[in-house]
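Have a look at the structure below, then the notes.
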Amino acid sequence: MWVREKLETLLVKALGELYNLSVVKDDITINVTRPEFDGEYTFVMFPFIPKIKRKPQEIGDSIGDYLKSKGLISGYNIVKGFLNLSIKNNHWLDFADYVAEYSDFGKVKPHGEKVIVEFSSPNTNKPLHLGHIRNILLGWSVYKILKETGYDVTRTQIINDRGIAICKSMLAWNKWGGGKTPDDTGIKGDHFVGDFYVRFESNFKEEYTNWQLSEEGQLIYSSVHKEGQSEKEFFSSYKNQYFNLYSKLGAEAREMLISWENGDRDTVALWKQMNQWVYNGFDKTYDALGIIFDKNYYESSTYLEGKKIVNEGLKEKVFFRKDDGSVWVDLEERGMDKKLLLRKDGTSVYITQDLGTAELRYKEMGANKMIYVVADEQNYHFDVLFEICKILNKPYSGGMYHLSYGMVDLPTGKMKSREGTVVDADDLIAEVKKEAGSIALEKGEINLLEQDEKDDIIHTIGIGALKFHMIKVQPQKRMVFDPKESVDMQGQTGPYIQNAYVRIQSILRKNKELEFVRGSDYAPSTMEKELLVQLSEYPVELKKASEEFDPSVMANFSYKLAKTYHRFYNEHRVLSAESEEARQFRIVLSQSVAKVLKRSMNLLGIDMPNKM
RNA sequence: GGCUCCGUAGCUCAGCUGGAUAGAGCAACUGACUUCUAAUCAGUAGGUCGCAGGUUCGAAUCCUGCCGGGGUCACCA
């Protein structure tokens, strides 16, 4: 049990013994004492004053004396309803030793509860972009945080490998690919396939533009357009109908989809081939980000399961079939709409597949807790999905959670593929590494290392900068991504935190004897105590991050700890400290800080270099 | 329009399960490297916490309304 826990326990006891109040730990508020007051922790007495019916001064004295008599604090002071407490030095010394020596500080023992985290979930017609990166980093970090807090976590993604989009790429490759492959061209597989998607779209656009000027196009415009709608407005809103009704390319793409659904050998072979190229490309990106999955799901193999569930719901009469054959669920009594579950031709829609996937996962892994990391544009979709699972009485329906995050904007506005403003994941990764490399070269600290080692460090720093930049923002907030700031390595950044760690490693390398002097009566400075208090907050913040599925909590924690260490480092000498006791203590303290920094950054998926 | 998320310094963000004088970083300016890694530190400057009410010992934080922005309300995914 460490200082903070001891304090909580004793306060609960004190309130019981002194005032006959029965409270639990969660009822009491303990703050880190603000720097302008003496003490490290502050007990907020306000909530108890009306119940105790005594003056704050009197209550503070009683509780303060109580804590003193138990040997926890050396002194206290009372300001209004705040009881500021100074913890006795020996507790701090023990605490520093513990954190430095053991690696499980704050870690929750595995309790076996299973949870599935779904993230990334790309389409196979395009390479990953900035939006995916936010998704992937959030998902990965939530996985780490849940694991650290004792869950049995499975990382998964659902890959949208079927549908009209991939057929567009396939068709374009058939038409204009000339039999080329990623290997022939040296183009990364996902980009290779994405290029054909773009090619399809631009040819389609040309076809559409020509049609607009044709007799048929003009006729449609004059007969279908709404009052006051300009020709330009009309055609931009008519694109989908054109694709489905008149487009030659559209017809060919749909033919391909049908032929895929009928299991046509050549089509399926091409489909497999192109998807494989994409997966090879994705793997490289995931690898650069240090991401792996335990299990992939593919929509091509889960949508059938979804249909089964729909039939199940029909049998139980919680869904209904319209005259045209389409299947619906009515959620109006629950404050939502009617929702389509199967088209009239019996084919599945997006939500059908999600129903199937959830069921499959439950069957295969027995997890009744599922977290979906998906952008907030799909909030309603998940409300509906979860509600349907409740209607069906699925055992996992209570444990489904949509970790919704805001979309990523650029300083110039939204990312739009049509306008070519989408930030490509691979480009971005290359960019941050390049920046990290040129700064490293300039600093010169690692110039003498082997090339491999140098590359490793530069990778760690560049990726660390990118990851921290993305994760430090609360998930639900829309974020503005400025490419210039993302390669920033100073101030509130990943490398800043890595640098604190590196400084400690440098000290430890130079320090020969690492044995601690136990039982020393060294009195830590205010600065040193501040560092200790922050270390002791690690479990508190971890718990918060885990309960709220919010990695930004750990990002902010890491930053604060690193910042305090940097300040400490500038104010105190470690190796040439003023006394042997101070030296020993500071080494232990530095070791503790390094350990906690490494662990909290690890929760964000960020590695720590030993030199930089 | 219904529902929903967001609004804090010039910019990017913390703080939000009510607690002390609202904090960081970037950008600007000043200072600190023959001394454990200056990717650092110290300092100056920068605020009607979108607006208005309410709840109370106390509101950036909770409630209501309004304003501004995003998302969503497809037989798309």
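Just so it is clear, the values below take in all heavy atoms, side chains as well, and ignore hydrogens, waters and symmetry mates. Chain letters run A, B, ... following the sequence lines, proteins first, then strands; residues in each count from 1.
For the C1' atom pair drawn from B/A22 and B/G46, the interatomic distance equals 14 Å after rounding to whole Å. Taking the C1' atoms as reference points, B/G58 lies 42 Å from B/A39, given to the whole Å. Spacing between B/C13 and B/G7 at atom P, rounded to whole Å, works out to 10 Å.
Of the two residues near RNA chain B, A/K563 and A/Q476, the one whose nearest nucleotide lies more 5' is A/Q476. When the nearest nucleotides of RNA chain B are assigned to A/P47 and A/Q353 by heavy-atom distance, the more 5′-ward of the two goes with A/P47.
Across all strands, A/N84 comes closer than 4.0 Å to base atoms (heavy-atom distances).
Using a 5.5 Å limit on the distance between ring centres and a 30° limit on the angle between planes, the aromatic ring of A/F37 counts as stacked on the six-membered base ring of B/A20. An aromatic stacking contact links A/F82 with the base of B/A20, defined here by ring centres under 5.5 Å apart and ring planes under 30° from parallel.
One can find a donor-acceptor pair under 3.5 Å joining the base of B/A20 and the side-chain atoms of A/T42. For B/C5, its base never sits under 3.5 Å from the side chain of A/N379 at any donor and acceptor pair.
Look at A/K560 and you won't find any side-chain N or O under 4.0 angstrom from OP1 or OP2 of B/G23.
Across A/F37, A/Y76, A/F46, a single residue satisfies ring pair (Phe, Tyr, Trp, His ring centres under 6.0 Å) together with A/F82, and that is A/F46.
When the nucleotides B/A77, B/C36, B/C73 are ranked by their closest atom to the side chain of A/L575, B/C36 comes out on top.
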